[in-house]
Amino acid sequence: MNAVLSALARHASWFPEGLIRLLFMGVADIAWLFRLGGVRQLERNLCRVLTHRDGVPGRRQLRRVSRQAMKSYFLYFAEALTVGARSSEQLKARVRGEGEGLSSIRRQCVESSAPIAMGHQGNWDYAGFWANDAIAPVTTVAERLSDERMLHTFVNIREQLGMTILLTGHQGLTGQLEQSLQQPHVVVPLLADRDLSRHGVFVQAFGSTIRVARGPATIALQSGRPLYVVNMHTEALHGKRKRAAGVGSGQVCTVSGPILPEDYAGMSTEDAVKAVSQAWVNVWAAGIEDHPEDWHMLQPIFIEDLDMQRLHGVPEDIRTDIDTVSERARARSERI
């Protein structure tokens, strides 16, 4: 399958875009219908979001939102893998920015730089293209995949969109990101809504606990640059913009912030990282609740779904909270 996807990325112009989208949407529906792959976990994650927002959702509502999320997820791949066949004008018509932080980050990046915290929403590669065009050149991080062919494919996609890519697994990665922020007119967006390593930071979200990457908070604090948050969602396109894009849907990048490092100056380094991480997660989580259908998190993220035996560096208070939740769950099952 990876070989097929890599070939599609190399020869995207050979195939009509409408056909590629249709095929990917069909695969999304099949996976959703039979709850294949990570669909069950996706629904557990979405259930927690919807419960926190509205109360426990009905099965029909949950299934409807999970179907939309799977379509959003597969649309990301259809768009990313065929980006080489798209013109700059088409891409510009497919993504736009908005939000209270948009004018602020533009001012910030005229002569300085800014880090951005993001989650797995919408098409984050399109977000990188938009930021590179509308705000400042982008330097970001890509996960080092075990499949070298797919790694090269996704790095090439992002480089075609104008981004500078650094790979995980290199010593001194944080230092490289901080160095990028010392340059004028640069943005450093990081996908940060899940990090189960011992370096992750535990924060509260959707009435539960998740572990996020410490990168956005760390580089903001150490560089002194204000931190912004970008949420993404899909929108329908109409009229002139639809004709320019060549498709019926586009992406919206909602910019929030800034979160100012100086507001945390009196804290220890670790406490400041936790506080800044919680601050950006609060903003990001509100965006997820506005558009849960564009959050394609198909992996365990909430503490109740994680195997605690495999997690390292878990604070004692977090373990105590988990034990309490487990005891309550056992008590409920015994009553049933």
Side-chain angles (χ1 to χ4, degrees), residues 1-15 20-21 23-24 27-28 31 36-38 41-42 70 72-86 91 95 115-132 137-180 186-200 211-216 218-219 230 232 251 295-301:
M1 177 58 71
N2 287 347
V4 173
L5 296 177
S6 294
L8 174 60
R10 291 194 305 273
H11 306 295
S13 61
W14 291 7
F15 308 98
I20 294 172
R21 286 181 171 237
L23 289 173
F24 274 77
V27 174
L36 303 176
Q41 184 61 58
L42 171 67
M70 286 300 289
S72 176
Y73 181 52
F74 276 83
L75 178 61
Y76 160 70
F77 285 106
E79 290 177 335
L81 291 169
T82 59
V83 74
R86 309 282 80 82
L91 293 174
V95 58
I116 298 173
M118 299 182 65
H120 290 77
Q121 298 161 268
N123 185 334
W124 50 87
D125 289 338
Y126 274 16
F129 169 83
W130 167 79
N132 196 72
V138 171
T139 295
T140 190
V141 174
E143 181 181 0
R144 183 178 291 278
L145 304 176
S146 57
D147 188 316
E148 287 291 328
R149 178 181 293 170
M150 287 306 296
L151 173 63
H152 175 76
T153 295
F154 280 104
V155 168
N156 186 56
I157 286 167
R158 288 155 193 168
E159 289 177 342
Q160 286 183 70
L161 292 171
M163 293 178 259
T164 298
I165 304 299
L166 305 176
L167 295 178
T168 59
H170 283 298
Q171 284 192 336
L173 179 59
T174 300
Q176 288 179 277
L177 295 173
E178 292 170 14
Q179 186 176 14
S180 296
V186 174
V187 290
V188 178
L190 299 175
L191 290 177
D193 54 346
R194 184 179 187 268
D195 183 355
L196 302 188
S197 75
R198 65 173 64 251
H199 305 295
R211 199 174 201 177
V212 299
R214 66 193 299 117
T218 297
I219 63 175
V230 170
M232 297 196 67
Q251 298 287 315
W295 186 40
H296 16 90
M297 177 56 68
L298 279 70
Q299 298 170 297
I301 183 172

Under 3.5 Å donor-acceptor pairs involving side-chain atoms of residues 156-169, not counting sequence neighbours:
| residue | atom | partner | partner atom | Å |
| --- | --- | --- | --- | --- |
| Arg158 | NE | Asp125 | OD1 | 2.8 |
| Arg158 | NH2 | Tyr76 | OH | 3.2 |
| Thr168 | OG1 | Arg144 | N | 2.8 |

- Item | Atom pair OG1 (Thr153) and CD (Glu148), whose distance is rounded to the nearest 0.5 Å | 11.0 Å

- Roughly how far apart are Leu191 CG and Glu143 CD, rounded to 0.5 Å? 10.0 Å

- Met118 to Met232 - nearest heavy-atom pair and separation: CE-SD, 4.0 Å

- Please identify each residue that fulfils salt bridge (Lys or Arg N to Asp or Glu O under 4.0 Å) with Asp193, with sequence neighbours left out. none

- Task: Would you indicate whether the side-chain heavy atoms of Leu196 and Arg194 approach each other to under 4.5 Å?
- Result: yes

- Item | Interatomic distance, Asn123 atom CG to Phe77 atom CZ [nearest 0.5 angstrom] | 10.0 Å

- Query: Any side-chain heavy atom of Leu190 sitting closer than 4.5 Å to one from Pro115?
  - Reply: no

- Could you go step by step and tell me if Leu81 and Phe24 meet the side chain to side chain contact (heavy atoms under 4.5 Å, CB included) rule? CA-CA 11 Å; Leu81 291 169; Phe24 274 77; 4.1 Å; yes

- Query: Salt bridge between Arg86 and Glu79, side-chain N to carboxylate O under 4.0 Å?
  - Reply: no

- Message: Is there a side-chain contact between Gln299 and Met297 in this structure, where contact means two heavy atoms from C-beta onward sitting under 4.5 Å apart?
- Response: yes

- Task: Could you tell me which residues satisfy ring pair (Phe, Tyr, Trp, His ring centres under 6.0 Å) with Phe154, sequence neighbours excluded, listed by chain and number?
- Result: none

- Does a side-chain heavy-atom distance below 4.5 Å link Asp195 with Arg214? no

- Message: With a 4.5 Å cut-off on side-chain heavy atoms, are His296 and Gln121 touching?
- Response: no

